[in-house]
Enquirer: 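Below: one structure in structure tokens.
Protein chains get the first letters and strands the later ones, always in sequence-line order, with residue 1 at the start of each.
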2 protein chains.
Amino acid sequence: MEKFIDNLKEKLKEKGYKLTPQRRAVLEVIITNEGEHLSTEEIYDIVKKNCPDIGLATVYRTIQLLDKLDIISTLYLDDGCNRYEFNIQNGEHHHHHLICESCSKVIEVKIDLLEKLEEEIQVNYGFEILDHKVQFYGKCENCK
Amino acid sequence: MEKFIDNLKEKLKEKGYKLTPQRRAVLEVIITNEGEHLSTEEIYDIVKKNCPDIGLATVYRTIQLLDKLDIISTLYLDDGCNRYEFNIQNGEHHHHHLICESCSKVIEVKIDLLEKLEEEIQVNYGFEILDHKVQFYGKCENCK
DNA sequence: TATCATTTGAGAGACATTATTAATTGAAAA
DNA sequence: TTTTCAATTAATAATGTCTCTCAAATGATA
């Protein structure tokens with residue numbers, strides 16, 4: 001955990017931002033709940049246990065900042081709010097998500113396999129790909 | 001154009017819905033502005049030119065319906081609202097989108113090339129894939 | 001035309017998110 | 001350590017997107 005906080009502090013300093021207890025607390029919640037795909041409101045509720053005076057707007061601001069610094073990333077799952085996840089390996093492409101249309105479970109896919117498609121796109125469209133987000137919709141093992 | 005309206009009428013009737021002037025007008029706007037990725041508010045503004053008394057709620061309702069009938073589909077581009085596009089070939093997987101991080105332009109990619117990845121996912125995760133959405137982020141030809 | 005379920009428009013309401021502002025804080029300099 | 005000052009904060013108001021409610025209007029069928 002401490003190394004992630006150090007990384008946060010370093011990245012903040014690089015851009016002229018400060019490491020505050022609120023920012024630290026928000027990142028700790030996201031890391032502790034890795035794989036949960038928490039929304040801002042959910043993060044707020046958990047953070048308040050350790051940090052009772054934190055404001056909701058601060059959580060929103062912090063999440064925007066963490067996203068900008070590539071420490072977390074945003075998922076768009078169309079359930080009425082944005083959700084976030086911690087980026088373990090920075091600089092790499094994001095993994096894919098399987099979204100079950102029956103139970104709404106979100107499963108993470110570790111395999112990438114988009115190199116060929118990305119190469120074709122770069123050649124045919126003159127578009128330089130820096131990142132991607134991929135969602136597959138269907139039925140999970142339990143709901144099939 | 002008329003064949004799309006006929007298709008709409010047929011699909012509506014199948015499910016017990018009616019073809020109203022408002023629904024027709026909304027679909028016409030989406031088709032006429034194909035490739036524009038309009039938001040609901042934008043569709044509303046355009047529709048009002050031909051259909052001045054239409055209410056915003058009706059546009060929202062119609063768009064939900066068209067999405068449910070697979071006539072249009074929703075894009076999540078993270079600019080504060082949902083955007084929609086007409087599905088030319090129904091039943092097929094959605095095409096991919098290239099989103100330029102400099103100028104925010106959205107480019108459509110006609111090639112699919114996800115078969116291999118989808119097959120691996122179905123085998124390794126026991127997940128039945130019915131559809132996918134793919135966004136690539138980067139720099140377009142002009143912004144590179 | 002009469003019937004009736006569906007659809008509509010208008011406005012209120014719900015919700016996530018952002019802006020505002022005065023007070024507080026972190027960290028570099030004195 | 002204290003001072004300084006921009007960055008940050010909490011609280012709250014404001015915004016924007018989208019949904020709900022309900023009486024009135026409409027489309028399809030008989």
Enquirer: Would you classify K13(B) as touching base, sugar-phosphate or nothing, given that sugar-phosphate means primed atoms plus P, OP1 and OP2, and contacts are heavy atoms under 4.0 Å?
Expert: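 Here K13(B) touches the backbone only, sparing every base.
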
Enquirer: Round to a whole Å and report the spacing from NZ of K18(A) to C1' of dT4(D).
Expert: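 These atoms are roughly 11 Å apart.
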
Enquirer: For DNA chain D, determine which residues of residues 19-33 of chain A have any heavy atom closer than 4.0 angstrom to one of its atoms, and list them numerically.
Expert: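 Of all residues in residues 19-33 of chain A, the ones placing a heavy atom under 4.0 Å from DNA chain D are T20(A), Q22(A), R23(A).
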
Enquirer: Are any of the side-chain nitrogens in D79(A) or R83(A) under 4.0 Å away from the carboxylate oxygens of its partner?
Expert: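 Looking at R83(A) together with D79(A), the answer is yes, because their closest N to O distance falls below 4.0 Å.
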
Enquirer: Taking atom types as modelled and ignoring hydrogens, do the side chains of Y17(B) and K9(B) form a donor-acceptor contact shorter than 3.5 angstrom?
Expert: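 No.
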
Enquirer: Tell me, for nucleotides 16-22 of chain C in 5' to 3' order, what letter each nucleotide earns: B for a base near a protein heavy atom under 4.0 Å, S for only sugar-phosphate near one, - for neither?
Expert: SBBBB--

Enquirer: Between I54(B) (CD1) and dA25(D) (P), how many Å, whole number?
Expert: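 Taking atom P of dA25(D) as the reference, CD1 of I54(B) is at 18 Å.
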
Enquirer: Shortest non-hydrogen contact from Y125(A) to E108(B)?
Expert: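 Y125(A) and E108(B) have their closest heavy atoms at CE2-O, 3.5 Å.
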
Enquirer: Applying the 4.5 Å side-chain criterion to the ILVMFWY set and letting contacts propagate, would L66(A) and L19(A) be lumped into a single cluster?
Expert: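 Yes, because L66(A) and L19(A) connect within a single hydrophobic cluster, where side-chain heavy atoms sit under 4.5 Å apart.
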
Enquirer: What I want to check is whether the side chains of Y84(B) and D67(B) have a donor and an acceptor closer together than 3.5 Å.
Expert: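 D67(B) and Y84(B) do not have a side-chain donor-acceptor pair below 3.5 Å.
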
Enquirer: Measure from CD1 on I43(B) to C1' on dC18(D) and round the result to the nearest Å.
Expert: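 Distance, rounded to whole Å: 14 Å.
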
Enquirer: For D53(B) and dA24(D), what is the distance between atoms CG and P respectively, to the nearest whole Å?
Expert: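 To the nearest whole Å, that distance equals 17 Å.
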
Enquirer: Starting at atom CG of L8(B), determine the distance to atom P of dT7(C), rounded to an integer number of angstrom.
Expert: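 After rounding, the gap between these two atoms is 12 Å.
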
Enquirer: Output the rounded distance in Å from OH (Y17(B)) to P (dT8(C)).
Expert: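 It is 12 Å, rounded to the nearest whole Å.
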
Enquirer: Salt-bridged, K116(B) to E118(B), with N to O below 4.0 Å?
Expert: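 No, this pair does not count.
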
Enquirer: Can you tell me the distance, in whole Å, between the CG atom of L12(B) and the P atom of dT26(D)?
Expert: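 Taking CG of L12(B) and P of dT26(D), I get 19 Å after rounding.
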
Enquirer: Given dT9(D), is OP1 or OP2 found less than 4.0 Å from the side-chain N or O atoms of T58(A)?
Expert: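 Answer no for this pair, as no side-chain N or O of T58(A) is under 4.0 Å from OP1 or OP2.
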
Enquirer: Whether the D131(A) and H94(A) side chains hold a donor-acceptor pair (N or O, under 3.5 Å, no angle test) is what I'd like checked.
Expert: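 Result is yes, a qualifying pair exists.
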
Enquirer: Measure up the H37(A) and H97(A) rings against each other and bin them: parallel (under 30°), tilted (30 to 60°), perpendicular (over 60°).
Expert: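 H37(A) and H97(A): perpendicular rings.
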
Enquirer: Starting at atom CG of D78(B), determine the distance to atom P of dG16(D), rounded to an integer number of angstrom.
Expert: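 Value for this atom pair: 17 Å.
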
Enquirer: I'd like to know if R24(A) and E2(A) make a salt bridge, using a cut-off of under 4.0 Å between side-chain N and carboxylate O.
Expert: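 Salt bridge flag = yes for E2(A) with R24(A).
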
